[in-house]
Structure formats: C-alpha cells, structure tokens
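Since the structure comes first, as structure tokens, the remarks are kept for the end.
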Amino acid sequence: MTVRVRFAPSPTGYLHIGGARTALYNYLFAKATGGTFVLRIEDTDLERSKSEYETLQIDDLKWLGIIHDEGPDKPGKYGPYRQSERQDIYMKYALELVNKDLAYYDFCTDEELEAMRENAGKDGASAHYEGKWKLPEFKAEGMARVAAGEKAAIRFRAPLKEYVLNDRVKGQVTYPKDMVGDFVIVRSNGLPVYNYCCVVDDMLMEITHVIRGEDHLNNTVRQLMIYEALNAKVPEFAHVSLLIGHDRQKLSKRHGATSVNLYRNEHYLPEAMCNYLCLLGWSHPEERDIFDKNDLFKLFSLDRFSAHAAMYDLEKLKWVNGEHLKKMSTTDLISLIEKEPETEFFRQQSAEWKNACVELLKKYASFVTDFPKLVNELILNENPEMTDPLKEIMSWETTPKILNFISSEVHKVQSDFVTEAELNAWMESVKKDMAIKGKPLFMGVRAALTGHDHGPDLKFLIPLTPVNVLKKRVQQLSK
RNA sequence: GCUCCCAUCGUCUAGCCCGGUCUAGGACAUCGCCUUUUCACGGCGGUAACAGGGGUUCGAAUCCCCUUGGGAGUACCA
C-alpha cells in the first residue's frame with residue numbers, strides 16, 4: 001500500500017506554527033515511506049476564506065521546505081484540490097446518503113434549533129437533535145418539498161452504537177454510543193460541512209493516514225460514521241497533541257508570534273524552524289536535538305509522538321537556530337548576511353575579511369540578523385557608551401596612560417586596518433614601557449580600543465576594525 | 001454540565017506498550033568552576049521531576065482504580 005497523506009488548511013489567515021508542524025509531520029511521513037503528500041484547501045467557510053491566504057500559506061510552506069506533490073497549484077488525478085470546487089461531488093454522495101435513508105432533509109429554522117438546544121437536558125430531554133424530520137413518517141414530505149425547490153439542510157442519521165478508533169498516537173479511543181446526535185452534513189444554503197467534506201475527500205483522494213491535531217479527536221467519531229455509511233475504507237489516524245503557550249492554553253495569536261511569516265520575516269533558518277517544530281511532540285530515536293530533513297527522511301515514524309501537549313518555547317528555538325547557523329558553511333552564511341539590510345560596510349570588505357569576521361562572530365550569533373547588529377556594535381561603533389563597567393575601568397590609574405599611548409599609536413597608522421602584529425607590539429610596549437600587566441593591561445587596552453568591557457578576543461577583533469573607527473573611538477574616550 | 005484525551009526536572013523530552021538494568025537519562029534555560037597574562041567563546045560540573053491516594057506484585061515511573069489538575073469537543077466553524 002502506498003502511503004498518501006494530506007495537509008488540509010483553511011485559508012482564513014496566515015500559516016500558523018501549529019499548522020506548520022502538522023504539515024511537517026505529514027510531509028516527513030510521506031518522505032519516510034516513499035508516499036505522496038497532498039495539499040487540500042478547505043475553503044467551505046466562504047465568509048472567512050480568502051484566496052490570498054491560500055497563496056500566502058503555500059508560500060510559507062515552501063519557505064519551510066514542506067513541498068506537496070499534489071495540490072491546487074499542482075493538479076493530479078485526484079483533483080480538484082479546493083473544496084469549493086468539489087460541490088458536485090459532495091452533493092452526489094449526500095444525495096446517495098439521503099436515498100439510502102442514512103441522512104434526511106431537515107427544514108428546522110435556527111430558532112427551532114435554538115429552542116431545542118435550550119431545552120436539552122431538561123426533563124430528561126435528549127441533548128441531541130430531536131426534530132420531527134428525523135422521523136420516518138416525514139421522509140416523503142421532505143423529499144417532496146425539496147423536489148419542489150424548497151431549501152433544506154441534510155442531516156446525517158448518527159447510528160446509535162459505540163465506535164472504537166485505534167489511534168497511532170492516542171492508542172485505543174472509545175466513543176460511547178450516544179456521544180453525538182444527528183448532525184448536519186450539508187447546510188441549507190447547499191454548502192457541505194467540514195466533517196463531511198473531509199471524509200468524502202479523504203476517501204476519494206485515497207488518503208491512507210490522517211495526521212492532524214488532537215482538536216479533531218472528538219470529531220473523528222462523526223467521520224467514522226460517514227466512512228461507514230459511504231462504505232469506505234477507514235484510514236489510519238494519528239492525532240498529534242496540541243501546541244500550548246506559556247499559560248498552558250492552546251497556542252493562539254495572543255501568545256505573540258504564532259504565524260510562520262513572522263519568523264520568515266525575521267530570517268530564521270527554515271531548517272531550524274522545522275527542526276524545532278518537529279521536536280515539539282516527537283523525539284528522535286537517538287535522542288538527538290539537532291538534525292535536518294535528510295536525517296528525518298530516513299527515520300521519521302509515527303511511533304515516537306508524545307501524547308501530551310507541548311509548550312512552544314522561544315528560548316529553545318533560538319538555540320536550535322544558532323546551532324543550525326554554526327553548522328552552515330561560511331560561504332553560505334556570508335551570502336545570507338549580505339541579503340540583510342544595513343550591511344553595506346560588510347559587503348564592501350574583502351573575502352578574507354568577511355571570512356574572518358563571520359568565523360569570529362558566529363560564536364555570538366543565534367540569528368542571521370545578529371550579524372549586522374554585532375558588526376555595528378563591535379566593529380563600526382564610533383561612540384562607545386559610558387557604561388558602569390567601562391567607567392570602572394577608566395577610573396583605574398593605569399587606563400588613562402594606556403589610552404594616551406594607544407591613541408597616539410592609532411593615529412600613526414596609515415593603512416585601513418591594524419595587523420595582529422601591530423596590536424601585539426602595542427601590548428608589548430604597554431607591558432614593558434609602562435610596566436602594566438594582567439587585568440589592567442588587557443582590560444585597559446580593550447576599553448581603549450573597543451569601548452567595551454567584554455567581547456571577542458582582541459587579536460581577532462581589532463584587525464577587523466577599520467582604523468578610522470579606532471581613531472574616533474580613542475578620541476571619544478580621551479575626552 | 002456531558003463526552004473524549006492527557007499527566008516525568010521551570011521548558012522540550014528518554015524510559016512506560018514487553019514491571020526489576022532508574023540512587024530516573026539527555027537537551028534548553030539557570031547557577032558554579034576551570035581555562036584564557038583580561039571579559040567573552042569554550043570545557044567541566046551543580047540545582048532541579050515520576051501530580052496525590054489506593055490497589056496488583058517479592059518488586060511499579062512503568063499495570064489497574066479513584067482523586068486532583070490540564071486540554072479538547074459538544075454548531076447549518078474548520
């Protein structure tokens with residue numbers, strides 16, 4: 001059996017972190033099994049669905065490297081891939097269900113339904129739909145009224161029996177026999193409803209494994225009923241636990257950055273994003289934390305999901321991003337940095353300079369965007385801020401002497417950059433001529449040259465710093 | 001309310017299915033130490049968890065039940 005999986009987003013907003021994670025799991029499972037990954041757009045909610053969101057979501061998936069084999073933009077033999085374009089199909093099967101008396105027309109108004117709901121539970125009244133159209137004696141009337149052109153919803157007759165699901169994540173799930181009542185599968189406006197479309201599509205698209213969020217676990221009983229009524233093979237299900245925020249509530253907009261495009265705009269590495277997302281609720285068989293998709297293609301499986309919700313944690317994502325950054329080749333990293341805004345200076349430098357700079361700074365960077373920041377702060381900053389630790393160093397009696405000496409030396413330099421040898425010579429002079437050593441020596445020189453009390457090794461940092469910047473700094477600090 | 005699902009360090013998790021090897025392992029964060037003629041970088045180490053209560057068993061993080069807590073669903077949303 002060839003695996004066919006799908007990701008079925010609603011185009012009602014940007015691609016959400018949680019959606020990206022389920023998409024990723026589906027994609028990885030397809031890749032790991034040599035299967036097919038289908039993208040289906042669930043746009044039956046006409047009011048909320050917008051076609052621009054469809055494009056945006058597909059873009060974000062592409063950015064993450066989650067590539068579908070079939071979808072609205074990649075037609076295959078199972079199309080169309082937008083539910084809004086599958087009207088006729090849904091109606092065909094719905095009518096079949098009505099004809100077999102597995103579903104019936106329902107003419108109840110919203111008010112009537114509302115009244116029923118309010119009454120539910122009182123005096124032993126059922127919590128489920130108990131409208132008269134459920135009754136066999138109204139069947140013929142219903143058919144006739146619809147034939148005459150009247151509008152009606154189609155309601156599915158929920159069998160009164162227990163259903164059991166063997167979920168790949170949750171294990172055996174038992175749905176008691178009266179868990180759900182008759183439910184609408186086609187609205188009176190003619191549009192079919194999610195739980196129904198989903199089954200028709202999964203059946204017709206020959207989906208073998210449904211990997212989706214746990215929020216669908218309770219829905220599944222309805223879908224099981226429809227599979228049965230349609231005489232379709234039930235796929236395997238894997239209900240992945242949800243992502244939660246710091247308050248342990250389902251991850252949503254109020255938790256901050258929950259849309260993929262936000263991370264994309266901040267130039268997070270897509271590989272790192274996938275790595276981190278994969279780790280939330282799934283574990284590597286060798287307990288590794290850092291991996292890429294190629295590793296996953298070999299060993300991703302449905303057996304390593306955790307059953308409980310996972311908290312989305314920016315700290316660890318930051319670390320994962322940093323690790324992927326360090327794994328990249330210097331060349332690749334340089335080209336990414338050059339795409340960042342405010343990197344004119346960086347771009348103008350020699351290849352040797354860029355290499356040395358990236359090698360030095362990547363120890364301090366977690367994100368690509370950190371590089372311009374670090375260059376500005378560590379290399380190009382002409383006006384050191386008088387922080388308390390810096391004041392402290394400046395107050396030592398040795399520091400003004402060092403500053404004075406360094407200042408005059410810097411001003412003698414003719415070239416654009418100081419060499420490591422020149423820097424060493426200055427250090428030697430301070431040490432010998434002024435008899436300053438140890439902490440006062442190093443901190444004094446560091447303060448004089450960088451205006452900072454900490455940072456990368458001076459012998460690497462100073463040769464990367466333009467001499468004219470050095471001149472301005474010593475001038476500032478000498479005031 | 002009803003129904004379903006879940007419960008290991010602050011966080012992500014391994015272990016659980018197939019009880020003993022678990023004085024519960026790893027990672028992030030945090031703290032400390034070492035190194036560096038300095039601070040960072042790096043290296044090393046520490047703190048920190050089986051929700052509670054009952055069973056079953058010679059033995060339970062692992063199996064069963066209850067309680068508590070959390071989450072989800074209960075629509076002519078998806």
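Here the structure is a predicted model, which is why all the values come from computation and not from measurement. Labels below follow one simple rule: chain letters A, B, ... track the order of the sequence lines, proteins then strands, and each chain is numbered from 1.
For A/Arg446, the side-chain atoms get nearest to B/U38 when compared with the rest of B/C6, B/A78, B/U38. Residue A/Val184 has its side chain nearest to B/C76 when only B/C76, B/U37, B/U11 are considered. Checking B/A78, B/U3, B/U74 against the side-chain heavy atoms of A/Val193 singles out B/A78 as nearest. Of the listed nucleotides (B/C41, B/G26, B/A27), B/G26 has the atom at the smallest distance from the side chain of A/Glu287. Listed candidates were B/A78, B/U13, B/C4. Nearest to the side chain of A/Arg48 is B/A78.
Using a 4.0 Å heavy-atom distance criterion, A/Tyr175 is classed as making no nucleic acid contact. A/Lys250 comes within 4.0 angstrom of the backbone, heavy atoms only, and of no base. Across all strands, A/Ala153 comes closer than 4.0 Å to base atoms (heavy-atom distances). Among the protein residues, A/Ser188 comes within range of the nucleic acid bases, having at least one heavy atom under 4.0 Å from a base atom. Among the heavy atoms of the strands lying under 4.0 Å from A/Leu279 are primed sugar atoms or P, OP1, OP2 only; no base atom is included. Base contact: A/Cys108 has a heavy atom under 4.0 Å from a base atom. Looking at heavy-atom distances under 4.0 Å, A/Arg155 makes contact with sugar-phosphate atoms alone, never a base. Counting any heavy atom pair closer than 4.0 Å across all strands shown, A/Thr174 reaches sugar-phosphate atoms only and no base atom. Residue A/Thr12 is out of contact with every strand shown, counting any heavy-atom pair closer than 4.0 Å. Within the 4.0 angstrom heavy-atom criterion, no nucleotide atom of any strand lies near A/Gly444. Among the heavy atoms of the strands lying under 4.0 Å from A/Arg248 are primed sugar atoms or P, OP1, OP2 only; no base atom is included. At the heavy-atom level, A/Arg304 lies under 4.0 Å from the strands shown only through sugar-phosphate atoms.
Counting heavy atoms from C-beta on, the side chains of A/Met203 and A/Leu230 come closer than 4.5 Å.
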For this session: Would you please test A/Arg446 and A/His452 for side-chain hydrogen bond (donor to acceptor under 3.5 Å, both in side chains) and show each step?
Result: CA-CA 7 Å; A/Arg446 175 179 290 285; A/His452 272 110; over 6 Å; no
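Not a single donor-acceptor contact under 3.5 angstrom links the side-chain atoms of A/Lys316 to the base of B/A29.
Atom CD of A/Glu286 is separated from atom C1' of B/G25 by 15 Å (rounded to the nearest Å). In this structure, A/Met311 places its CE atom 11 Å from P of B/G71, rounding to the nearest Å. Atom C1' of nucleotide B/G73 and atom CG of A/Leu224 are separated by 15 Å, given to the nearest angstrom. The distance from atom CG of A/Asn195 to atom C1' of B/C76 is 13 Å, rounded to the nearest whole Å.
Legend: side chain to side chain donor-acceptor pair (under 3.5 Å) pairs involving residues 173-191 of chain A, not counting sequence neighbours, sorted by first then second residue: A/Tyr104-A/Asp182, A/Lys134-A/Asp182.
Donor-acceptor pairing under 3.5 Å is recorded for the side chains of A/His216 and A/Tyr194.
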